[in-house]
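Encoded as structure tokens, the structure appears first; notes follow it.
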Amino acid sequence: MPRPRVKRLAAVSPCRILLAFGGGLILAILLLAPLDVWQQRRDTLDSAGDNLANLSRAFADEIDQIFFSTDIVLQKIGQAIGQAAADDRTATARRIVAESQAMISLLPVTEFVVVGADGTLLASTSGDHGAAERAAHRDQGKALLDQLRNDIGDAPEIAGPTREAGEANWSLPVLRRIATPAGDFAGIVVAKLNLDYFVHKFRRIKLSDGSALTLLRGDGLLLSRYPAVDALIGRSFAHTDLFDDHLPTASEGTFQTTSPVDQAPRLVSYAALPRHRLVVVLSVDEHTLLLPWRQQSLRVALIAIAASAAIGWLTVFVTGQVRLRENARDALLDSLEKLRRAESRYRQVIDSTSEGYWLIDPDTGLTLEVNDALCRMLGCRRDELVGHSPFEFANAWNAKTLREQMSGVLSADHRSYEVTLTRKDGSAVATQFNATTLRETDGTPAAAFALVTDISGRARYEEALVQARIAAERANLAKSEFLATMSHELRTPLNVIMGFSELIRDQHLDGRQIGRAGEYAGDILEAGRHLLDLITDILDIAKIESGRMDIEPVWSDLPHVIDAALRLCSERAKVHRVELRAQLAPKLPPIWADGRAIRQILFNLLSNSIKFTPAGGRITVDASVRDNGAVVLSVADTGCGIPATKLSSVFQPFEQADNRFNRAAGGTGLGLSLVKGLVELHGGTVAIVSAPGQGTRVTLTFPAPTAATAAKSSSKSAAAVAAG
């Protein structure tokens, strides 16, 4: 617990704390000094590495230019000789080589040599054809000649360094293939570079002690080195860190390694010349390189020791002074403990509340403190809120509202208002701010404090209540309209039944009326049937809505069902002078459906169309089969049509498209609702297309029977056969 920990700290002697501090400071100095020394060592190596990299790159550029210039001369000589006729090639070679004599003074070239395709010496700037020819027939010359015979690469070939017997200088043959215009091999042209030139050039550069500059071929063969070591010329360094680890990944760089020559640790910088397959390597001995660092390290060590001694003396001196302040320290610790506990309680209170806590600086407008509830509310971390303005979490309109309300809080001390904030993920959250101004003792504002409540749920609940109320009012209105219609539809046949029944009962019929008693009974029967139909429709809709309506599908002949429905409505159509027409696709298959339900569906649709189609109009029944086996029925009329605003509600049991037309034509408005329910019981769908003055088309789609349906059909057929 925090309280006992403070007591233990208070029991510790301040002198011990001070001694521990002084000892820790001395220890830190003694630890940091070596770290600083080590960092200086790394900085020295890094700086030296950068310098080496710049020098190696500069040397590489200069050497690359020398080889490039030499290769240009070789290409010109080779082109001139290759274009000459075969019998004139020797003369051309000697003439071109003689003309190239002047290039020897401009390039570190000791000799130009031209050798024919058969190895015969054609020309040499040295004039000693015998010696040159012997050189051309050496094993190395033969191997290069055979190599260049089939090598048509763009880069020149660089042979290994050579030194003639009795000569002190090393030379480096650079060869170019001579090709005829047709591409045939015509020989080689050789330029012997004086490797001593590079040694002298390197010598003029002021390198530090222990440095070495080396020119290597791309396969690791050492060509030249300064300081010069003859034993290393022509030696392969292919299996070293440079060629194994560094060159394969980067064309230039700096690394530390143990020298394969003297086994000393060295800092190496290299730069590759891809055009001529060469590598320039500049290295320096680390012992020599780090000599200034060692001297600096000694100074740092002396300073650290002196500082440690001074701190030790000062610690002892101050320890005596601290003894006089023990009482003051204890009082201060008690005050700090009380403050810490108060802050802890304060933090627990704000973090335990379910409402957001937002403390804002009144001068800068930036957030000073928040709690976890506010972080969860806005989907942010604490550090994403502290130090940021609350206006960042609102759009322009809400930010303006928030700014105005906060200004009002600073002047009125308290204010409650609603504002919409934006979460980190971009979603909006409706909140209520209960803001208060915290003031200093002199009355100046110290902070603006707000409790933020997420009222999104309340807003959604209120919206849901509004929508529910609207839906209830709409349903109540629909039911009221339905009851008003039903009262008319029910009273009409009941009045007929009651009126004619009273006439027959009271025997108030005269002679003429007695003769019409049978007609009156027929009217009573027709009114009763009409009333029964109304009640049946209502009961069917109630069954469908409660899920208690059952159908008994069988294989039915669709044309026969349609014809029966047309005959049933034909008399009514004649009365209204409306034409009934059927357009059936050929070879309609049987439909798996409840025949009574299909007739009811068609009867309701035809009855509606007859009601709302003026005299002279036409009603068409279409039937077809889709590729997937679904059966499509449609009933289209040329009647008054339905407004677009009513199309979405015509299938509702308590909705009618237009009460004016319904009352004029009669009916309860239950027909389409019953149609929809019966079609959906078959797994089908209903679609309606209509417009005022353009008629109405109702399309019914019945799905193709499944394998389970076929199996069920087979079992029913078998049962029927067995019963028969």
Side-chain angles (χ1 to χ4, degrees), residues 63-64 66-71 73-75 77-78 93 97 100-101 103-105 107-149 151 153 155-178 187-203 213-238 261 273 276-281:
I63 293 172
D64 186 65
I66 292 173
F67 276 87
F68 177 73
S69 301
T70 303
D71 186 46
V73 176
L74 292 177
Q75 290 185 59
I77 294 174
V97 168
S100 301
Q101 183 71 33
M103 299 301 297
I104 295 178
S105 61
L107 297 171
V109 178
T110 60
E111 182 182 11
F112 286 109
V113 178
V114 179
V115 181
D118 57 356
T120 304
L121 177 67
L122 301 182
S124 171
T125 55
S126 67
D128 184 4
H129 292 184
E133 188 171 2
R134 287 192 300 274
H137 282 79
R138 291 178 180 173
D139 293 340
Q140 184 185 32
K142 290 181 179 180
L144 291 172
L145 190 67
D146 293 337
Q147 178 182 344
L148 292 177
R149 187 181 302 277
D151 186 4
E157 184 67 29
I158 299 175
T162 61
R163 182 166 61 181
E164 299 294 337
E167 292 184 0
N169 297 334
W170 289 86
S171 61
L172 182 65
V174 181
L175 305 92
R176 264 287 180 181
R177 183 178 187 271
I178 300 176
I188 60 175
V189 56
V190 184
K192 292 185 177 182
L193 293 180
N194 183 8
L195 289 179
D196 193 50
Y197 168 82
F198 297 105
V199 175
H200 289 298
K201 191 169 188 63
F202 296 160
R203 185 182 294 118
L213 185 58
T214 307
L215 177 63
L216 298 166
R217 201 167 63 181
D219 59 359
L221 191 68
L222 191 142
L223 304 178
S224 180
R225 184 181 187 275
Y226 175 79
V229 179
D230 283 352
L232 299 178
I233 303 299
R235 178 177 167 184
S236 176
F237 291 88
V261 177
L273 285 64
H276 299 105
R277 297 190 291 275
L278 297 172
V279 182
V280 174
V281 179

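Worth saying up front: this structure is predicted, and the values here are computed from it rather than measured. We number each residue from 1, following the sequence as shown.
The backbone N or O of R225 lies less than 3.5 Å from no partner atom in the side chain of T214, so there is not a single donor-acceptor pair.
At a threshold of 4.5 Å between non-hydrogen side-chain atoms, the residues V281 and F237 do not count as touching. With a 4.5 Å cut-off on side-chain heavy atoms, F112 and I77 count as touching.
Taking CG of L175 as the reference point, atom CG of L74 lies at 8.0 Å (rounded to 0.5 Å). Rounded to the nearest 0.5 Å, atoms CG (L193) and CG (L215) are 10.0 Å apart. In this structure, CZ on F67 lies 5.0 Å from CG on L278, to the nearest 0.5 angstrom. Taking NE2 of H276 as the reference point, atom CD1 of I63 lies at 11.5 Å (rounded to 0.5 Å).
Closest heavy-atom contact between G116 and L122: N-CG, 3.6 Å. Of all non-hydrogen atoms in R163 and W170, the two that sit nearest each other are NH1-NE1, 3.2 Å. Residue P173 comes nearest to V190 through the heavy atom pair CB-CG1, 4.0 Å, listed as atom of the first residue, atom of the second, then distance. The two residues P156 and R277 make their nearest non-hydrogen contact at O-NH2, 3.3 Å. Nearest heavy atom pair, residue L223 against residue A159, reads CD2-O, 4.4 Å. Between L221 and G234, the shortest heavy-atom contact is CD1-O, 2.9 Å.
Under the rule for a side-chain hydrogen bond (donor to acceptor under 3.5 Å, both in side chains), the partners of D71 that lie at least two apart in sequence or sit in another chain are Q75, R176. Considering only residues two or more places apart in sequence or on other chains, L107 meets the side chain to side chain contact (heavy atoms under 4.5 Å, CB included) condition with S69, T70, V73, M103, V109.
L172 pairs with exactly one of N194, L195, I233, T110 by the side chain to side chain contact (heavy atoms under 4.5 Å, CB included) rule, that one being L195.
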